[in-house]
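Counting from 1, the numbers follow the sequence of the chain as shown. Ligands are counted one by one from 1 in listed order, and the atoms in each one are counted from 1 as well.
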Amino acid sequence: MDWEKNVRRTEPYVAGEQPGQGGVVKLNTNECPYPPSPKVGEVLKGLDFEGLRLYPDMDAKELVNTLADYYHVKPGQIFVGVGSDDVLAMSFLTFFNGGKPILFPDITYSFYDVWAEVFRIPYRTCPLDGDFRIQKEDYQKPNGGIVIPNPNAPTGVMEDVGVLEEIVAANPGSVVVIDEAYVDFGGESMLPLIGRYPNLMVVQTFSKSRAMAGMRIGFAIANEKLIGYLKDVKFSFNSYTMGLPAILAGKAALLDQAYFKETVGKIIDTREWAKEQLKGLGFTLTDSKSNFVFASHRSIPAREIFQALKENNIYVRYWDKPRINNHLRITIGTREQMETLVAFLENYIKER
Ligand code: PMP
């Protein structure tokens with residue numbers, strides 16, 4: 001067709017499967033196995049539905065101000081979006097226009113190269129070492145921007161904040177985005193360094209530790225100037241990204257600190273338990289500081305285990321990609337779900 005020559009063609013990101021049927025032990029998309037805070041439920045039940053006829057506050061002030069109090073920063077230092085995917089995509093569009101390649105690890109969140117492609121941003125991937133660690137020298141070369149998740153996905157590996165700080169300090173001419181989607185599960189945040197580095201931006205999400213993947217809330221924190229540029233682009237794109245329910249539900253979730261701590265604590269305990277169990281079954285694991293583990297079996301190929309699990313309604317994530325095609329990424333579910341997984345694997349390995 002003639003018009004097709006004018007199409008912006010791109011290969012979309014492939015998200016983990018969302019099975020339609022129930023009865024699945026769903027450990028494939030790093031969701032939280034527990035519900036959001038009951039306060040979120042109360043807010044949504046009490047929502048003034050007639051208020052939905054109005055456009056929401058385009059600055060999402062109630063949410064932004066609550067985040068500002070929570071993280072001890074100014075409201076002008078916060079940008080909110082429809083999940084951190086939205087925040088990250090806007091950041092790529094806003095900050096990565098230098099013409100030089102942007103840098104990110106070769107094994108990482110598989111949305112980064114998709115955004116780079118769709119926005120026509122040149123990029124180069126920097127190989128992690130054999131332990132899936134960053135080699136900081138890779139990021140001390142000319143570049144048009146840097147994005148690093150910490151803890152990394154899908155490895156779960158937490159990079160030393162000192163190493164990341166060196167990267168930020170070495171790149172005053174580039175914006176460095178640290179994607180902290182999983183930081184609440186035992187990682188160390190770079191937020192305390194925001195004041196020191198005008199080129200540092202930290203991105204977090206309500207999708208994992210606050211159990212609200214379905215509500216779509218993400219945010220970035222940086223200095224006001226940087227956030228101002230991000231807002232300019234966002235308001236040139238779509239002013240009303242955050243709906244009223246998301247603004248109110250996000251605020252309620254943040255205010256329920258006790259519930260957040262309890263939920264995260266349970267997931268960390270279950271993760272450490274699952275690590276030990278899986279090691280006992282012959283798996284090698286990274287020291288994940290996230291809500292998933294990254295595991296490779298000493299004798300059984302990951303693809304085979306993935307298939308066997310799936311046939312038995314246990315969903316985990318597998319990528320047929322170089323360097324990680326013998327690993328499984330397993331989201332931490334409830335203790336019961338993890339017991340089901342371990343019992344299945346124990347039996348499978350024995351009977352094989
Ligand atoms: N960053 C990383 C590293 C992730 O794994 C995810 C989850 N897919 C996201 C960002 C985006 O999460 P959300 O858009 O739900 O905030």
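Checked against a 3.5 angstrom limit, the closest N/O atoms of D85 and ligand 1 fall inside it.
Remark: side-chain polar atoms of N143 are paired, donor with acceptor, to backbone N or O of K141 under 3.5 angstrom. With hydrogens and angles disregarded, a donor-acceptor distance shorter than 3.5 Å links the side chain of T334 to the backbone of Q337. Side-chain atoms of T205 come within 3.5 Å of backbone N or O of S207 as a donor-acceptor pair. Side-chain atoms of N291 come within 3.5 Å of backbone atoms of N30 as a donor-acceptor pair (strictly under, hydrogens ignored). Using modelled atom types, one side-chain atom of N97 and one backbone atom of L93 make a donor-acceptor pair closer than 3.5 Å.
Protein heavy atom nearest atom 7 (C) of ligand 1, with residue, atom name and distance: K208 NZ, 2.9 Å. S84 OG, 3.3 Å is the protein heavy atom nearest to atom 12 (O) of ligand 1.
With a 4.0 Å heavy-atom cut-off, ligand 1 is reached by the side chain of D179 but not by its N, CA, C or O. Here F206 has no heavy atoms under 4.0 Å from ligand 1, in either its backbone or its side chain. For S207, every heavy-atom contact with ligand 1 shorter than 4.0 Å involves the side chain, none the backbone.
Between the CD atom of E188 and the CG atom of N150 there is a distance of 9.0 Å, given to the nearest 0.5 Å.
Around atom 5 (O) of ligand 1, the closest heavy atom drawn from Y182, F219, Y109 belongs to Y182.
Residue contact check: G83 has heavy atoms under 4.0 Å from atoms 14 (O), 16 (O) of ligand 1. Atoms of ligand 1 found under 4.0 Å from any heavy atom of R216, numbered from 1 in the order shown, are 13 (P), 14 (O), 15 (O).
At a 4.0 Å cut-off, not a single heavy atom of F111 sits close enough to ligand 1 to count as contact.
Using modelled atom types and a 3.5 Å distance limit, the side chains of Y70 and Q257 yield a donor-acceptor pair.
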